[in-house]
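To start, the structure under review is shown below, and the notes come after it.
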Protein chains: 2
Amino acid sequence: MTPRRPRAATINDVAALAGVSIATASKALNGRGQVRDETRQRVLVAAEELSFQPNALARSLISGQTRTVGLLTSDSVGRFGIPVLLGAEDAFGAGEMSVMLCDARGDSIREQHHLRTLLARRVDGLIVVGESTDPRPSISRNLPLPVVYAYAPSDDPDDVSFVPDDVEGAKMAVQHLITLGRRRIAHVTGPTHYRAAQDRAEGTQAALAEAGLELVAGQPLFGVWSQRWGRQAAEIVLKHEVDAVMCGSDQIAAGFIEAARERGRRIPDDIAVVGYDNWEVLSAETRPPLTTIDMNLERLGRTAAQHLFAAIDGKATPGVHRMPCRLIIRESSLTGTV
Amino acid sequence: MTPRRPRAATINDVAALAGVSIATASKALNGRGQVRDETRQRVLVAAEELSFQPNALARSLISGQTRTVGLLTSDSVGRFGIPVLLGAEDAFGAGEMSVMLCDARGDSIREQHHLRTLLARRVDGLIVVGESTDPRPSISRNLPLPVVYAYAPSDDPDDVSFVPDDVEGAKMAVQHLITLGRRRIAHVTGPTHYRAAQDRAEGTQAALAEAGLELVAGQPLFGVWSQRWGRQAAEIVLKHEVDAVMCGSDQIAAGFIEAARERGRRIPDDIAVVGYDNWEVLSAETRPPLTTIDMNLERLGRTAAQHLFAAIDGKATPGVHRMPCRLIIRESSLTGTV
DNA sequence: TACGTTTCCGAAAACCTTTTCAGTGTGCTT
DNA sequence: AAGCACACTGAAAAGGTTTTCGGAAACGTA
């Protein structure tokens, strides 16, 4: 009934076809040991003939190495998780590693389940990708394999974590505004309970303090990560005299720009605007295009993967590593350019 | 130097600790065969003690089933690929399957390489996820395992493919406009060489024809999938008398709405607008929020996964299956509501 | 021819689990 | 007391590969 799928060829079949023992076949295929050239050729031809693929399971069973890593996403993979994940996948692909993707969807039961599965499959290591920069519970305690955390750091400082350096990122953005001669700067950002909002506010205020300036409105305007809040915040901010706004996200910036334009303010001539995240769909489509901070998440993912390799080789690098962001300059901050 | 990671416990260790043979230990753990209750308990306790995890590699080697599937993304995973991928991952997770993620980044060399790796790892099946609805080359010819294509169909009709039904989706959108009393409808969409643009144009015109109407401007306005094109297209469209616009994507719709508002047209009072994709970041943030077509991609991914299960069980379902879209009604098409 | 040296090849063990089948011991029946 | 059925347990094989080590053949030298 069901078309019997042909069992894949084994090294036994290859050896038989080549008229040698499996030991010789193995050595010929792996270029190991003493095998006469003529014999090696015979084996190679036989393998080709049968389109032989060595069974990775059997191989791993012996070597104790699966050349596989688990990618555990705690929250459902989203806007920030994806680039990290892609960066990691990229690095692993280059290292001939395969990636097992597990999405716990924010459910710790499911996370435990996936963890058990990955352990049973004897993965060589684990990357845990979070959805915000808030610290998350460690899973590495007494885990018999190396773990690296990306984007969301582990709450255990002995673990290896990689996070974007939001404080420096925000600082860079504000320094950019100050360099351009802006002095009356406001800060509109997300909810106070987000670590990202806190960090970006801190960086913003640090940059202002260094320049001997104060925040317009006295303190950051905390709200939510939405365009709507950006529009609402514009109403508040525009009551003050302001020549620049540092926004905690591109969404907020997009909303702010839209509302400010409607109220007749020219961007960037009257007010320079900087966003955060470099979410292309927004930052490239606002009018004018948005100057913003790019967290370089793909690189963060790649770096995390590379450090996982190192950890697998026994060279762990504990601690929370903050990865630099970069400033993407577009027209929302550049007066007099087109 | 490197802290020796303790070798994971084997069933041997468990058996020794419980004072039984490995055969008995195995039977006790799997609830198989005749084992005295007291003995079973001893084994269970020992396994717990050593936090024993049966080695999935050894298990798969015997059973010939890895309970693993490959998820091969041809183009770099993007906006459309992600939800499909998540849906598939979801379905597999429920079925206790693990997922190997491979991103070929649009490179067929890399795709071949990943394919070989997955074959070597003896995955039970494969899902190929594409980035557009254009047909892609089949990889399943003489492949010794079941393959299902999602979003981008295979060019071989004997393969199993799942794609969104864009023709019906567009038709649904236009019928919605007609039901609301709109009669002078334009269509602004993406590049002609996209299958998605073609299908949506076809559905649009079919719905109009059924109602005895004709497209304003005579034919669809093909352009690119961007907000900018939406704005440009508005200039063209507004030269005609128009009371509704069916857009080929939410991005185009967002651009159109913005430009139309600037020109003093009220949405939806003067012109009703419908988008496509239900890309929340846009469709929920335009003013007014956007009526749009949701392709239900997560469901598409889940369905593809379920059919892969079926194919693994020998019950393949060849052909290109078109999955229904759904209409998301928001305020950009609803006159007189708030 | 006898012996040592190379060169090449193959048998077998190891990795870990599941399953089959044979064996042991217990309690019961006659 | 012998025989039997039954409940339980363990030895061994299988799955595919790599590696180790011993053995065989070929060749050269004495």
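First the proteins, then the strands, lettered A, B, ... as listed; each starts at 1. Keep in mind it's a predicted model, so treat the numbers as computed, not measured.
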* Separation of D:dG16 C1' from B:N55 CG (nearest whole Å) -> 14 Å
* To do: Take atom CG of B:L57 and atom C1' of D:dT17, then tell me their distance rounded to the nearest Å.
  => 13 Å
* Asked: So which pairs with a foot in residues 42-66 of chain A pass ring pair (Phe, Tyr, Trp, His ring centres under 6.0 Å), sequence neighbours left out?
  -> none
* Asked: Just the endpoints, please: which first and last nucleotides of DNA chain C, 5' to 3', lie under 4.0 Å from a heavy atom of chain A?
  -> C:dC8 to C:dC16
* Asked: ring-ring contact (aromatic ring centres under 6.0 Å, His included) with A:Y194: which residues, sequence neighbours excluded?
  -> A:W225
* Excluding sequence neighbours, so at least two apart, what forms ring-ring contact (aromatic ring centres under 6.0 Å, His included) with B:F80? -> B:Y151
* Asked: Between B:R36 and D:dA7, is there a side-chain N or O to OP1/OP2 distance below 4.0 Å?
  -> no
* Pairing residues for A:E48 by the salt bridge (Lys or Arg N to Asp or Glu O under 4.0 Å) criterion, not counting sequence neighbours -> none
* Residue pairs involving residues 81-95 of chain A (criterion side chain to side chain donor-acceptor pair (under 3.5 Å); sequence neighbours excluded) -> none
* Where at least one partner belongs to residues 143-153 of chain A, residue pairs that pass salt bridge (Lys or Arg N to Asp or Glu O under 4.0 Å), sequence neighbours excluded -> none
* With sequence neighbours left out, which residue pairs that include part of residues 139-162 of chain B fulfil the salt bridge (Lys or Arg N to Asp or Glu O under 4.0 Å) condition? -> B:R141-B:D156
Nucleotide N/O of nucleotides 4-6 of chain D paired with protein N/O under 3.5 Å:
none

* Asked: Heavy atom of residues 37-47 of chain B under 4.0 Å from DNA chain C: which residues?
  -> none
Please enumerate all protein N or O atoms sitting under 3.5 Å from an N or O of nucleotides 19-27 of chain D, with distances to 0.1 Å.
| from | atom 1 | to | atom 2 | distance (Å) |
| --- | --- | --- | --- | --- |
| D:dT19 | OP2 | A:R32 | NE | 3.4 |

* **Global bending angle along the helix from C:dT1-D:dA30 to C:dT30-D:dA1, which compares the axes of five pairs at either end, to 10 degrees** => 80°
